[in-house]
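Right, one structure below, let's go through it.
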Amino acid sequence: MPGKGDLVQGTLEMLILKTLALQPMHGFGISVRIEQMSNGIFHVIPGSLFPALNRLEREGRIKGEWRPTENNRRGRYYILTDLGRKALKEEMRAWGRQVEAVAKILEA
Amino acid sequence: MLWWNRLVAGFSSLFSKRRKREELDEELRAYLQVAVEERIRSGMTEADAWRSARVEMGSIETVKTKVSAIGWDSWFESAVWDVRYGMRQLFRSPGFTSVALLTLALGIGANTAVFTLVYGVVLKQLPISHPDQLYRVGEGEFYCCEWGGLQGSWGTFDYQFYKHVRDTDASFTQLAAFSGSAPTFNTRRAESAQAAQTLNGEYISGNFFATLGINASQGRLISTYDDNENAPAVAVMGYGAWQNQYGADPSIIGSKLLINEIPVTIVGIAPQAFFGARLSQNPPELWMPLSQQPAFEGNGRKSLLYSSGDAWLYVIGRLSPGQKPAAVQSKLTGELQQWLRSERELGRDDLARLNQQHIQLTHVGNGVSPFRSNSTRGLLLLSSAAVLVLLIACANLANLLLVRSATRRQQTALCISLGASRVRLMRAIFTESILLSLMGAALGIAVAFGVSKGVLLIVFRGANLVPVSAAPSLPVLAFTFSLSVLTCVAFSVVPAWIGTQADPAHGLQGANRARGSRSSRSQKVLVAIQAAVSLVLLAIAGLVSESLMHLEKADLGFKPQGQLVASINFKASGYTPDRLPALYQQIQNRLEQVPGVVSASLSLNAPQKFCCINLNISIAGNSKKWVGDVDTLMERAAPHFFETIGTPIVRGRAFTTSDTQSSPHVSVIDESFARRFFGDENPIGKHFGLSLEGHSSDYEIVGVVKDAKYRNPANPQNPMFFLPFSQTTAYTPSGYQRLESGTLYAQLIEVRVNGAPAAYQDTLRKVLSEVDPKLALIHVDTYTDQVALQFNQERLIARLTSLFGMLALLLASIGLYGVTAYNVARRTGEIGIRMALGADRSNVVSMVLRSAMAQAGLGLFIGLPIAIFCGRLLQHQLYEVSRFDPLVLGGATLLLATFAGIAAIIPARRAASVDPNQALRID
């Protein structure tokens, strides 16, 4: 069972896509944003974040780009592609259905 | 589309690996930097911030490894790494690599060579369309029955039965026939005075080429319109003959050639790779319609074509769609029995055997081949031997790898402690093995090409066309490739498993400590198996060689030395039987006048060349039934025959010039004939004849000669009688009549000379062309060469099995040496201690020898019963070799023991020369 801080298998990629849906971000930004949005429950370490980013990029759902950061250094920013936007919608719908189903079972 | 993105991403990351890694590196560093700044901002000291961020990130390298393990390209990349690593390892230990490659090349090469032969002879389909649909009506070889008689399982048929089945049975879409024998024809251009060429020919039904579904390479092929009594005479020439004997002259197509002095139009040339529907050492090069057969035989309505009961045709066809071979087979059997009952006048004995007459449908997509059935057993033996050699090679390689992985234990332990997974390490070993295997296979193909070329040269020595090619074809290459992969798996699985079992803690400690590990036990088992297998192979090689030796030393009952033998076709030169006696006399006289010629003669057959006609006889005054059941051999000879070939006359006399048609008809018999039919009685003056009503006293026996081996001495030979060319008997049945007139044509000329016979070849040709320029010799050979030719196959098999046996022994010895040497090296410390404690050199030597000999002994123990069993299996194929031959088995054992001794003594001596002081200092 997933305890505090553990992500359900496969949801990390969905969360990354959701995070990037607001604006392009670099790796650290993504990790901080996920932690903030989950009120500190999810903590994404680089060992999981970067493989996930690489996978998404290979699948064409996000695109990496070097841009100057706030403090004028070079950072790699990830942008959601059209394909990624579609995939996010798809996954959110599927997730919603799953949660609903699980909730029904638990309430019964 | 997802897979497409992944594919593209994989390629782009393959080709920009370096940049991608640098980018990732920069990204990770930036991440760390920001993470630290963030922590400092939230109140940590700089040192704490760095530590905390680092802990969270883990090693940058680990993250990079994780990222780069994503996607298919990472697998590919690591495979490339493995290959590069494997190559480096192989180059680093050239000794190991060259021994392994040599072993593999020999093992795989032997198998590829044998497979090339098996493929060419057994598996390769005819170059025709849909060879898989082609069936032969009947089975077996063309050996008897041309003059009638029941065959049991039928193989050849008369024209009438063929026509009956073709026209009434709808089981076949096409049903074709072709003559079983391949007579030679003399061909020459009508207008030129050039000497005649001899070509092997075949009579075929008009639909023969259509049935096979092949097209002419030039002109056209024979069709059903040509196979008609009233059609003009036509022939199709083989591609090889057209190329070699007519210089690929296109004007030959459509022009007339004189074939046996009969003008025939050549309408086309057969396809290049087509050697007829039979795989034969002397394939046909001239095809003519069946309807022309009577013209060449010259017997009008009494010719083979019109006769009933003379089985001379092979029948092949394509089954109609939906027909099951088994059903067609039983239907044909019924038709055959019905046909025999209604068309033949069968005697009581034949009627009793009628329901045993049957037809077997055989699949002949790879050609009708007497050569194949002769060779199958030999090929089987060779294949088994080759597989055993490969097995030993695998055992050797497995041993080498085990030794290597043992020496690399430290390195393996280091890899594992640094986090390498066992699967990854095993994969590296597999990669290295497959590299070795493939390189070995490439070398093996080269070895095989050489070997099979040599083998084919020997098998088809004296043949004018070799229908089997030594060049590696696609199926052969595929075979070799799969074999090398299989080999790799066979020799690398155990070493990979055992070799990667290293316990890091153990491995990193003193690596040279002697431990009775699993690897050394499996090594010893492997060596024992090798010894067993090589013993079996040596024993088989010994038996086969012994059989050959007996064959070569067998008393053939004649003297091939100092003799020439030439084959000739008088019929093809246009002679009729009435002109033959004078011609023979003239040739014989002219030859015997040549200085240096001792005697000359002519005959139908001769020992070890063209054997024989099988006939049944009857004896005047002996009506016992068994007499007619004994198969006897008939031969015709001119005067001086026995003195020329060197068969002694035991009793009475040989033929002379005074035996003429008008004088009493005489016969000479051999000793087995006398013994079989007359026991202890004196056969001289007795009468006998063919087994036919009213013919039992046709011949008077005037002489008895010593038995001579006309056939391969390995086969039993029937009693034999000889008739002179100058006397002929008239028969009523057309088959007997045809036999009688056919055997008047001598096929051989024998000349006994003083000095080297080879020098007389040209003289022989010159004398013949002086007698008649139209006479062309087909083939001249010294008789010793001719005899040697007979044992070609036996010799080849004996030589190859011996070669394989020695190869196996060598490999097994190398294996034993390797394991012993390795164990000595491993136990250097132990030996040092033993010596320090008082063991002397001989103790050490005997300790090492004992262990090596125990392995060889175990091999003997396993191998001897198998060798004896194999000897029993082989016995019926061998000539005068007993089922249990202590000499051969003892020899093989001794050989193995000797080699094992040599292989063990070298490391044993090295062990004895260990200096205890140094040995103890190693660890």
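Below, chains carry the letters A, B, ... as their sequence lines are ordered, and counting in each starts from 1. A quick note: this is a predicted structure, and the numbers were derived from the prediction, not measured.
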Any idea which heavy atoms bring Phe50(A) and Glu27(B) closest together, and the distance? CE2-OE2, 3.3 Å
Check the surroundings of atom CZ in Phe481(B): do more than 12 heavy atoms from other residues, nucleotides or ligands lie under 6.0 Å from it? no
What distance do Gln33(B) atom CD and Phe28(A) atom CZ have between them, rounded to the nearest 0.5 Å? 11.0 Å
Take atom CE of Met92(A) as the centre, draw a 6.0 Å sphere, and report whether it contains more than 12 heavy atoms from other residues, nucleotides or ligands. no
In this structure, CG of Asn54(A) is separated from NZ of Lys64(B) (nearest 0.5 Å) by 13.5 Å
Might you confirm whether atom CH2 of Trp66(A) has over 12 heavy atoms from other residues, nucleotides or ligands at distances under 6.0 Å? yes
Shortest non-hydrogen contact between Glu56(B) and Pro46(A), atoms and distance: O-CD, 3.8 Å
Enclosure of Lys63(A) NZ (heavy-atom neighbours >12, cutoff 6.0 Å): no
Measure Arg73(A) against the heavy atoms of chain B and call it side chain, backbone, both or neither at under 4.5 Å. side chain
Is it the case that atom CG in Leu474(B) sees more than 12 heavy atoms from other parts of the structure closer than 6.0 Å? no
Taking non-hydrogen atoms and a cut-off under 4.5 angstrom, which of residues 34-51 of chain B neighbour chain A? Val34(B), Ala35(B), Glu37(B), Glu38(B)
Give the member of Arg55(A), Glu57(A), His26(A) that has the highest number of heavy-atom pairs under 4.5 Å with chain B. Arg55(A)
Output the distance between atom CD (Glu23(B)) and atom CZ (Arg74(A)), rounded to the nearest 0.5 Å. 7.0 Å
